[in-house]
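Okay, structure first, notes after.
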There are 4 protein chains.
Amino acid sequence: MVTHHNASRRSESSRRAILTAALELVNEVGYAKLSIEGIAARAGVGKQTIYRWWPSKGTVLFEAFLMLNEGEDGEPAALPDTGDLEADLKTVLRATVEELNDPRYDEPMRALNTAIAQDSVLAAAYAERLDGPMKEVKKQRLRSAQQAGQLAGDLDLDVAVDMVWGPVLNRWLQRSAPLTTDYADSVVTTALSGLRPRDSAS
Amino acid sequence: MVTHHNASRRSESSRRAILTAALELVNEVGYAKLSIEGIAARAGVGKQTIYRWWPSKGTVLFEAFLMLNEGEDGEPAALPDTGDLEADLKTVLRATVEELNDPRYDEPMRALNTAIAQDSVLAAAYAERLDGPMKEVKKQRLRSAQQAGQLAGDLDLDVAVDMVWGPVLNRWLQRSAPLTTDYADSVVTTALSGLRPRDSAS
Amino acid sequence: MVTHHNASRRSESSRRAILTAALELVNEVGYAKLSIEGIAARAGVGKQTIYRWWPSKGTVLFEAFLMLNEGEDGEPAALPDTGDLEADLKTVLRATVEELNDPRYDEPMRALNTAIAQDSVLAAAYAERLDGPMKEVKKQRLRSAQQAGQLAGDLDLDVAVDMVWGPVLNRWLQRSAPLTTDYADSVVTTALSGLRPRDSAS
Amino acid sequence: MVTHHNASRRSESSRRAILTAALELVNEVGYAKLSIEGIAARAGVGKQTIYRWWPSKGTVLFEAFLMLNEGEDGEPAALPDTGDLEADLKTVLRATVEELNDPRYDEPMRALNTAIAQDSVLAAAYAERLDGPMKEVKKQRLRSAQQAGQLAGDLDLDVAVDMVWGPVLNRWLQRSAPLTTDYADSVVTTALSGLRPRDSAS
DNA sequence: CCTTAAACGAGACGGTACGTCGGGTCTTGCT
DNA sequence: AGCAAGACCCGACGTACCGTCTCGTTTAAGG
């Protein structure tokens with residue numbers, strides 16, 4: 001038998017309290033020590049109210065991130081387009097680096113990544129709801145450049161996006177080395193020009 | 001720094017049993033459900049023997065990985081060098097992709113990454129003991145190519161390594177899309193040539 | 001005084017299972033090896049359910065004894081009163097001796113005494129809830145004899161009770177010598193007549 | 001196979017340190033929290049040195065008491081004998097009461113009684129080495145009175161001793177009521193005269 | 001407007017695991 | 001050989017949370 005939760009009767013105030021509490025707590029204690037019990041207590045809510053609507057702490061956290069992002073507006077803002085692709089990408093990637101270095105964002109984002117690593121269903125939801133739209137915006141900027149002839153015509157934009165953001169995200173996640181804005185610049189420059197020597201036959 | 005325990009009296013057999021048990025269990029149940037209690041039981045060891053020598057399950061797991069890697073030999077094997085950089089990189093990166101898609105390696109490596117994400121001390125140890133040597137081997141192959149004029153002379157090899165492996169690792173960690181050997185090939189090709197159009201002044 | 005737990009929601013079946021398990025286990029393994037963990041396992045109950053309602057294994061055991069005694073009826077049965085005080089006291093004291101020599105009662109009672117020896121709060125509860133009513137019954141029998149002129153009119157009945165039961169209990173607790181019914185008889189006779197020679201002015 | 005401990009090689013200084021530490025600790029933390037580990041640490045001794053010579057913490061404690069008592073001299077001092085039995089007994093019993101009310105003695109003695117209650121072998125040793133000699137001294141005083149015609153000629157002195165000291169010890173052990181010197185006086189008076197009315201044929 | 005069924009806060013419950021203490025055994029090196 | 005030191009396996013401690021399950025009590029829909 002299936003229990004049909006009547007979402008129309010759902011308490012919106014409890015929902016927001018839970019998501020807010022989850023964000024606060026993940027900042028304070030990290031993902032490992034984040035607990036349903038703790039979220040319920042902080043939110044002033046019964047544990048059952050969380051279990052009724054979410055299957056795990058990871059999904060609560062994910063929805064909390066969704067709330068954050070949708071708080072601003074429906075869709076993520078487009079990337080700047082001054083016509084100078086390299087400058088635009090450096091601007092954006094530097095901002096990303098600074099966000100990732102900000103303790104206010106670092107801990108929660110790391111938590112979200114941990115949640116994804118442990119739950120492939122959640123990973124799919126993340127890909128669709130959060131990462132997907134972001135990636136679309138990035139691809140849009142690259143598409144514009146491609147149409148202006150600044151990128152190779154046969155370039156796979158999915159790969160291209162990974163080429164620019166992948167190294168930065170990976171260095172952040174694995175903490176393999178300090179994440180600096182200089183590094184972001186290097187990645188952009190190198191990705192655009194490639195590893196091989198350019199023809200100097202000018 | 002003071003070591004409180006007399007390592008000379010340490011039981012090597014218990015140590016190996018613990019590390020082996022940790023690897024087995026992380027494969028079977030994943031990092032989230034890996035417990036010190038479970039490791040101790042599987043290893044036939046008292047919990048205190050684990051707590052005496054390791055501060056957390058993450059550090060146990062890390063040392064288990066160290067044991068695996070040092071089991072083979074001292075240093076990681078050099079990358080193939082046929083003179084054809086692009087082919088060599090594709091060979092290596094395809095192998096990486098296949099390893100990451102193998103459930104036998106996927107779960108434990110994901111676990112290690114989770115552990116690193118939650119413990120920056122561990123991340124530093126990982127960078128030094130596991131990731132560092134691997135990266136050195138990769139850089140060595142690139143250095144060889146650079147000296148052969150196949151790579152830009154002013155190329156930062158650290159960035160170059162990230163450019164090739166970063167996208168793959170990131171796609172794997174975030175599960176943002178299926179990880180295929182075709183993707184590996186694309187990454188190598190794109191990284192080498194860059195996103196910009198090549199001069200067609202042939 | 002504030003009760004932190006809502007006793008109205010307390011599970012009566014768990015409570016009884018815990019008390020029963022405690023009695024069984026104390027019989028089987030003795031007080032020293034009685035453990036909260038063991039009681040919980042035997043009762044099919046979580047440890048927390050014990051810690052929620054009792055502060056120590058001693059208090060569990062005490063309440064288990066209370067359950068035993070209140071199981072029979074509200075108040076302890078009155079002592080026999082045939083008019084012959086000496087005979088009645090011997091009857092009762094012999095029964096006490098036999099009970100104390102019965103392994104079924106010896107171990108649990110010894111356990112309760114150990115608990116009392118280590119916890120003065122528990123001792124007060126014991127004095128009020130278990131020992132007190134028993135003592136009142138004993139005093140009642142002595143009062144009846146006193147009114148019949150069989151006991152000294154100025155006799156302190158509290159002291160009198162101690163005089164009859166104290167030696168027996170003490171010999172049992174300290175195991176200073178075998179506890180026999182003959183000894184019980186001697187105690188009654190000696191207590192009634194006193195240590196001094198009686199006037200033989202007949 | 002039996003391990004023959006060669007007592008001749010035994011370290012007397014370790015033995016004394018252990019017994020002293022046991023006494024100190026039982027005073028500080030009580031019998032329940034007294035541990036072999038704690039005794040060894042306090043005594044500056046290896047645990048094995050305790051396990052080599054004693055089978056349990058109870059026996060260590062018992063030997064510590066033996067050391068205390070034999071410290072004074074070989075045999076316990078005789079009871080006062082002024083010729084006035086009642087006065088002498090009151091003097092002695094009041095002293096006993098005061099000792100039992102002194103926290104310095106109460107805790108260790110209670111500990112010894114707990115140990116005895118849980119170990120009948122120890123109880124036998126206690127009866128022979130500590131309680132026996134004390135009882136003999138008490139009986140000696142009563143025998144003297146008996147020979148002087150102050151006690152019934154057919155009186156069983158073992159019972160008589162229990163009659164005087166039993167009530168006091170029992171009230172102390174069970175904490176059934178406050179233990180006062182007045183109570184000690186009452187016990188002596190009542191024991192000597194008996195519970196029955198004395199012939200008033202003066 | 002009034003029922004009535006859900007969602008809700010609270011928190012007890014059977015469990016698992018935590019990290020610690022101490023039990024009793026065993027080994028190592030010193031005296 | 002006895003000893004101090006302490007690692008070892010083990011059992012229990014008392015606590016934190018898990019996910020499930022009642023309890024009354026709101027609360028919002030629909031009769």
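In what follows, chains carry the letters A, B, and so on, assigned in the order in which the sequence lines appear, proteins first and then strands, with residues in each chain numbered from 1.
Counting all heavy atoms, side chain and backbone alike, Ala21(C) lies closest to Ile39(C) at CB-O, 3.8 Å.
Distances shorter than 4.0 Å separate some side-chain N or O of Trp53(B) from OP1 or OP2 on dC8(F). Residue Thr49(C) places none of its side-chain N or O atoms closer than 4.0 Å to OP1 or OP2 of dA12(E).
Rounded to an integer number of Å, the gap from CD1 of Ile50(B) to P of dA7(F) is 16 Å. Straight-line distance from the CZ atom of Arg52(B) to the C1' atom of dG19(E): 13 Å, rounded to whole Å.
The nearest heavy atom of DNA chain F to Ala43(B) and to Gly44(D) marks one nucleotide each, and the one closer to the 5' end goes with Gly44(D).
Expressed to the nearest 0.5 Å, how far CZ of Phe65(D) lies from CE of Met67(D) amounts to 10.5 Å. A distance of 6.5 Å separates OG1 of Thr20(C) from CZ of Arg16(C), quoted to the nearest 0.5 Å. Note: Thr59(D) OG1 to Leu66(D) CG = 11.0 Å, rounded to the nearest 0.5 Å. Interatomic distance, CG of Leu61(B) versus OG of Ser56(B), reported as 9.5 Å (0.5 Å rounding). To the nearest 0.5 Å, the span separating CD on Glu107(C) from CG on Leu112(C) amounts to 12.0 Å.
For the pair Lys33(A)/Gln118(B), no side-chain contact is recorded, criterion being any heavy-atom separation below 4.5 Å from C-beta on. Put simply, the side chain of Leu19(C) does not reach to within 4.5 Å of the side chain of Leu23(C), judged on heavy atoms.
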Open item on the list: Output one letter per nucleotide in nucleotides 26-31 of chain E: B when a protein non-hydrogen atom lies under 4.0 Å from the base, S when only the sugar-phosphate is that close, - when neither is.
Closed with: B-B---
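Contacts between residues 31-39 of chain B and DNA chain E, defined by a heavy-atom separation below 4.0 Å, involve Ser35(B), Ile36(B), Glu37(B), listed by number. A heavy atom lying under 4.0 Å from DNA chain F marks the following residues of residues 10-30 of chain B, by number: Arg10(B), Ser11(B), Ser14(B).
At a threshold of 4.0 Å, the pair Glu63(D)-Arg129(D) does not count as salt-bridged, since none of the basic side-chain nitrogens sits closer than that to a carboxylate oxygen.
Judged by a 6.0 Å distance limit and a 45° cone about the ring axis, Arg15(B) is not positioned over the six-membered ring of Trp53(B). A cation-pi geometry, defined here as NZ or CZ lying under 6.0 Å from the six-membered ring centre and within 45° of its normal, does not hold between Lys57(C) and Phe62(C).
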